[in-house]
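I have placed the structure first, in the form of structure tokens, so that the comments after it can refer back to it.
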Number of protein chains: 2
Amino acid sequence: MYNDFSTSKLFMNISDFLKALVPFTNDELNDILKHFKKETVPKNQILVHQGEVSKTLYFIESGLGRSYYLNQAGKEITQWFFGSGKFMASADSFFQQCPSLYYIEILEDAVIYSITKEKLDELFDTYPKMEKLGRLVTTEMLTKVVNKLNAIQFQTAKERYEYMLAEFPDIAYQVPLGHIASYLGMTQETLSRIRKSNSSK
Amino acid sequence: MYNDFSTSKLFMNISDFLKALVPFTNDELNDILKHFKKETVPKNQILVHQGEVSKTLYFIESGLGRSYYLNQAGKEITQWFFGSGKFMASADSFFQQCPSLYYIEILEDAVIYSITKEKLDELFDTYPKMEKLGRLVTTEMLTKVVNKLNAIQFQTAKERYEYMLAEFPDIAYQVPLGHIASYLGMTQETLSRIRKSNSSK
DNA sequence: TTCACTTTTTGACATAGGTCAAAAGAAAGC
DNA sequence: GCTTTCTTTTGACCTATGTCAAAAAGTGAA
């Protein structure tokens, strides 16, 4: 799943998040939350490996994650960042149950809630409101990805970095430069030069 | 809405499409279809203008459409192609009810079914199965957009064209070269040269 | 068939950004 | 505090692809 990490507070409670999107009753909410498992995950841990079929969807209560893949040259290409209050998954693998093209990695010590595909489907079948939730979350993700696509498709390296700063200000100085560069579709050297030219103005 | 146009037959009936995704009863289906309006739209017609808030979602029974925007230089940038059997809309505008960044244009004479946002929301409220449909359609679109993003982000112009040929073979020779070039994030001249070098091999 | 218009191809040239290699700076372990 | 390792910066050079302009090919109407 692909989601924004811009407006993320440092901590976002899962039940507040769910209630904000769909008016679940307390009973519904309690039953739904029972299906999730809370975990603490340290920095640098890999949650999903490239090539494996991922059965798990994560919700990040606090911390930071990313998805990335290795290109032909063996270089890591960051595909997305996931901040607190967002769902995280290898979208293709989780939804289509095919081998994942991506790794999912925790970049900052995180508290996450995880749910398996079976249990999630169960929830979809039990609660129509969950379908709505799924639809809303997916739609929001779609919008974000389309925005990134626009930024990548026809903008200069500098403009892409400005898009990043505008959309995700808090992440820009929080993760290694190389992660951001590959996320924006440029080399680390280029991003370093852009930063320099920006700071000298 | 963003959707694939690769496996599109020349004609795809809307009720077959709906039934294939979610097991609606005939009564449900009839009621749902009542909310759609069937129209015939000639080539070159613009359905949504940049800057306008779009209230309409389209399903293409036959024909071909695209979304595009004008960049700073006033050049048309194709954002997506929509073939038969697919939903078409200016996603941002329709879902968030904000001014559209895109034009939606019919490229080949089309038969379409349209529905307003109000009526669609009504259907979502009446039929939980519609929520499921919405979720499934959106998820599929998300996957497609992510695929395109991957192709665009780190591949050479030539590789991007090969991605296009692989994913959407039938469109590649059906629309003006410039539409495809801008869709792939390159100039028309570059695409023309790629085609030439491919054909001489 | 011809004329007007659109789309595609070609050529010459410019440049953003890639590559490779090394130096400088930060962070982590002992 | 010193050493090792990782990250960022800098420099020199190269190439894919963009830009601009003109020719060629294709399409449709009269």
Side-chain angles (χ1 to χ4, degrees), chain A residues 42-46 64 66 68 70-78 81 103 105-109 150-165 171-201, chain B residues 42-46 64 66 68 70-78 81 105-109 151-165 171-201:
Chain A
K43 186 172 167 169
N44 295 328
Q45 187 160 325
I46 306 270
L64 182 64
R66 68 158 178 158
Y68 70 93
L70 299 177
N71 68 5
Q72 307 91 310
K75 243 187 74 179
E76 295 181 1
I77 308 295
T78 298
F81 293 105
Y103 292 88
E105 179 190 24
I106 293 295
L107 294 176
E108 306 279 337
D109 293 355
N150 288 343
I152 294 277
Q153 187 163 359
F154 259 99
Q155 301 198 316
T156 62
K158 186 167 181 174
E159 287 168 333
R160 273 176 270 163
Y161 183 56
E162 276 152 15
Y163 147 84
M164 173 97 191
L165 286 181
I171 214 107
Y173 287 93
Q174 210 183 102
V175 303
L177 188 80
H179 291 2
I180 296 173
S182 69
Y183 173 79
L184 293 175
M186 67 185 75
T187 63
Q188 178 171 334
E189 293 92 329
T190 296
L191 180 54
S192 174
R193 286 174 181 124
I194 287 169
R195 274 195 178 166
K196 189 187 179 193
S197 82
N198 278 352
S199 67
S200 67
K201 276 185 306 199
Chain B
K43 184 172 167 168
N44 295 328
Q45 187 160 323
I46 307 269
L64 182 64
R66 69 159 177 156
Y68 70 93
L70 300 177
N71 68 6
Q72 306 91 310
K75 245 187 72 181
E76 295 181 1
I77 307 296
T78 297
F81 294 104
E105 180 190 26
I106 293 296
L107 294 175
E108 307 277 337
D109 293 354
I152 294 277
Q153 188 164 358
F154 259 99
Q155 301 198 315
T156 62
K158 185 166 183 173
E159 287 167 334
R160 275 177 269 163
Y161 183 57
E162 276 153 15
Y163 147 83
M164 172 97 190
L165 286 181
I171 214 106
Y173 286 92
Q174 210 183 103
V175 303
L177 188 79
H179 290 3
I180 296 172
S182 69
Y183 174 79
L184 293 175
M186 67 185 75
T187 62
Q188 179 170 333
E189 293 92 328
T190 296
L191 180 54
S192 173
R193 288 178 179 118
I194 287 168
R195 274 196 178 165
K196 189 186 178 190
S197 83
N198 279 352
S199 68
S200 67
K201 275 185 305 201

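Lettering follows sequence order; numbering is per chain, from 1. Computed from a predicted model, the values in this text were never measured in an experiment.
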Give a yes/no answer on whether the side chain of [X] brings an N or O atom under 4.0 Å of OP1 or OP2 in [N].
{"X": "Thr190(A)", "N": "dG18(C)", "result": "yes"}
{"X": "Lys196(B)", "N": "dT9(C)", "result": "no"}
{"X": "Thr187(B)", "N": "dG18(D)", "result": "yes"}

How many whole angstroms separate atom [atom1] of [X] from atom [atom2] of [N]?
{"X": "Ile152(A)", "N": "dG17(C)", "atom1": "CD1", "atom2": "P", "value": "12 Å"}
{"X": "Glu189(A)", "N": "dC13(D)", "atom1": "CD", "atom2": "P", "value": "17 Å"}
{"X": "Arg160(B)", "N": "dG18(D)", "atom1": "CZ", "atom2": "P", "value": "7 Å"}
{"X": "Leu184(B)", "N": "dT17(D)", "atom1": "CG", "atom2": "P", "value": "12 Å"}
{"X": "Tyr161(A)", "N": "dG17(C)", "atom1": "OH", "atom2": "P", "value": "15 Å"}
{"X": "Asn44(B)", "N": "dT7(C)", "atom1": "CG", "atom2": "C1'", "value": "14 Å"}
{"X": "Gln155(A)", "N": "dA16(C)", "atom1": "CD", "atom2": "P", "value": "16 Å"}
{"X": "Leu191(B)", "N": "dT19(D)", "atom1": "CG", "atom2": "C1'", "value": "16 Å"}

query = Should Gln174(B) and Glu108(B) be marked as a side-chain contact (heavy atoms from CB on, under 4.5 Å) after you check the CA-CA gap, both sets of side-chain angles, and the distance that decides it?
reply = CA-CA 9 Å; Gln174(B) 210 183 103; Glu108(B) 307 277 337; 4.2 Å; yes
ask   = Between Ile180(A) and Thr78(A), does a side-chain contact (heavy atoms from CB on, under 4.5 Å) hold up when you go through it step by step?
value = CA-CA 7 Å; Ile180(A) 296 173; Thr78(A) 298; over 6 Å; no
ask   = Roughly how bent is the helix from dT1(C)-dA30(D) to dC30(C)-dG1(D) end to end, in steps of 10 degrees, with each end axis from five pairs?
value =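 For the helix from dT1(C)-dA30(D) to dC30(C)-dG1(D), the axes at opposite ends meet at about 50°.
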ask   = Can you tell me how far CZ of Arg160(B) sits from CG of Leu184(B), rounded to the nearest 0.5 angstrom?
value =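 Reported to 0.5 Å precision, the distance equals 7.0 Å.
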inquiry  = As a quick check of understanding, evaluate side-chain contact (heavy atoms from CB on, under 4.5 Å) for Arg66(A) and Ile171(A), giving each step before the final call.
reply    = CA-CA 11 Å; Arg66(A) 68 158 178 158; Ile171(A) 214 107; over 6 Å; no
message = Any side-chain to backbone donor/acceptor pair from Gln153(B) onto Tyr183(A)? Under 3.5 Å, distance only.
response =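 Yes, Gln153(B) side chain to Tyr183(A) backbone: donor-acceptor pair under 3.5 Å.
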inquiry  = I'd like to check Phe81(A) versus Met164(A) (side-chain heavy atoms, cut-off strictly below 4.5 Å). Are they in contact?
reply    =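 Heavy-atom side-chain distance check passes, below 4.5 Å.
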Pro176(B) vs Arg193(B), nearer the 5' end of DNA chain C by closest nucleotide =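 Looking at the nearest nucleotide for each, Pro176(B) comes out on the 5' side.
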ask   = What residues, two or more places apart in sequence or in another chain, satisfy ring-ring contact (aromatic ring centres under 6.0 Å, His included) together with Tyr68(A)?
value =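 In terms of ring-ring contact (aromatic ring centres under 6.0 Å, His included), with neighbours along the sequence ignored, Tyr68(A) is linked to Tyr103(A).
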